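In what follows, a structure is listed as structure tokens, so that the remarks can point back to it.
We're numbering straight along the sequence, starting at 1. A quick note: this is a predicted structure, and the numbers were derived from the prediction, not measured. We use all heavy atoms of the structure for the numbers below, so side chains are in, but hydrogens, waters and symmetry mates are not.
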Amino acid sequence: MKCIKIHSSDSVAVAIKPLKSGDTVTVNGEEITVINDIPSGHKLALTDIYENENIIKYAYPIGHAKCDIKKGEHIHTHNTKSNLSGLLEYEYKPDFKEISPKSPLIFKGYRRADGKVGVRNEIWIVPTVGCVNSIVREIESRSQCYKTGNIDGIYSYNHPYGCSQLGDDMNMTLKYLAGLINHPNAAAILVVGLGCENGNIEELKKVLGNYDENRVKFLVAQECDDEIKKGVELVKELALFAGSFTRTDCLVSELVIGLKCGGSDGLSGITANPLLGSLSDKIIGMGGSTILTEVPEMFGAETILMNRCRNNEVFNQTVELINNFKKYFMSYGEKVDENPSPGNKAGGITTLEDKSLGCIQKGGTAPVEDVLKYGETVKKHGLSILESPGNDLVASNALAASGAQIILFTTGRGTPFGCPVPTVKISSNTGLYNNKKNWIDFNAGELLDGKAMTEITDELLKYVLKVASGEIVTMAETLDKHEVAIFKNGVTL
């Protein structure tokens, strides 16, 4: 197979392998002569497309032709323009189906006192402000001797924020930090503040809510003669508490899985993202929860998600989410279609609609049950949409702060980064999997080699449950899981 037509109404096909000018391809029984070289993941015109006519992929417009395009011609940024503009008005037209219930499977997790379940048993050292980053790193380094028994790791999470922020900007930092502190993958937490920051420990506690004093300890550096020595002593106390947890049988219904894509290519929307959608539906059928984010990468495909909203209330929240993010772009004088990235384009993604229609497939077909503000934790079983930009680090950390114990991250170009929770990298193509096995955990490219979606979904589910049970450590965890990025939109004093 040289190329694939995704939907019967599409006016383009996607090259599975590089095509040369003069090659002949067969699509649905029709032979088409390729007019110019077309890289893998890029699009081929299946019919003549006239100037200003919509170009159809995934059964939806991904933009319009900037000029006449001949059958067999390469379709990309040189001859295609986005249809996206500013704010829109939307009408709720419910179009969703219920996910069939499935018997839940079991994994080995850590049950916390509040009833939540973690898939790692770690001690986290969290600074309230960037001024103490060097302190928490040193506390982490000197505390490694307490990583014994059931403790999976001791990690500090640096960031540059927590002071000189105002209003909602400061609130987003506090909400993110509270999300980390409340995360079930952390058996115990040491929070380190400087003392004079406007996001100080007392302000953080207002957002944090109730906490277990055995699990969460606080340290104000300006109030200690030797804050590093005191911090190590507190980690020693926390290690005794964290070491008391053991893995026990837990149901898939207790899992929250974050869905993310980054470094996407033209095959992501054909293999890896639909695979995550299939898995998401299966997890939801078992009573579990998934979170879809990257709001700007819903632009152009948002009506599909809106019509899958459970009710009018969720629909209105989704409309507000989309339009508020567009206002965010516009407030800085930016166009709402200022996407995809250079890497996306090199991989065959032409417009934001092209990217978005592939991106939302990670959410499967389940109804949208809830819309979460940045830093807000999951409240309902099923599929939730989370407020966050598309940036890989910011979005992945947002998923973690909202309670995702594991993030499934699809990529067609490859990326090594990790975040505080296990991040499973899933390649859209076999070439990436073979070339970057030190980055990639799972290969969705096998879907192009003839493996059935049901078969590979079952394989991915087994893999995820092994990650959740601690039987598999993700590639990102073996490299580095210290990466923290917080969404910022405001004045720095």
Without hydrogens or angle criteria, can the side chains of [X] and [Y] be said to hold a donor-acceptor pair below 3.5 Å?
X    : Y    : result
Y60  : D354 : no
N344 : S341 : yes
D441 : T474 : no

**Prompt:** Do the charged groups of K379 and E369 touch, with an N to O distance under 4.0 Å?
**Reply:**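 Between E369 and K379 there is no salt bridge, as every charged N stays at least 4.0 Å from the carboxylate O atoms.
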**Request:** Before accepting this row, confirm whether a basic side-chain N of the pair D169/K488 lies closer than 4.0 Å to the acidic partner's carboxylate O.
**Result:**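 Salt bridge: yes.
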**Prompt:** Checking side chain to side chain contact (heavy atoms under 4.5 Å, CB included) for the pair L465/E471: CA distance, chi angles, key distance, verdict?
**Reply:** CA-CA 9 Å; L465 294 183; E471 297 174 34; over 6 Å; no
**Message:** So which atom in A476 and which in K425 form the shortest heavy-atom distance, rounded to 0.1 Å?
**Reply:**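 Minimum heavy-atom contact is CB-NZ, 4.2 Å.
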**Asked** Counting only heavy atoms not in H64, do more than 12 fall under 6.0 Å of its NE2?
**Response**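 More than 12 heavy atoms, drawn from other residues, nucleotides or ligands, come within 6.0 Å of this atom.
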**Request:** Taking the six-membered ring for Trp and the single ring otherwise, decide whether the centroids of Y90 and F315 are under 6.0 Å apart.
**Result:**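 No; F315 has its ring centre 6.0 Å or more from that of Y90.
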**Asked** Does the ring center of Y176 lie less than 6.0 Å from the ring center of Y157?
**Response**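 No, ring centres 6.0 Å or more apart.
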**Request:** Measure the CD1-CD distance between I322 and E320 for me, rounded to the nearest 0.5 Å.
**Result:**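 Rounded to the nearest 0.5 Å, the CD1-CD separation comes out at 11.5 Å.
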**Request:** Say whether, by atom type as modelled, one donor and one acceptor occur between the side chain of E297 and the main chain of E294 under 3.5 angstrom.
**Result:**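 Judged by distance alone, no pair lies under 3.5 Å.
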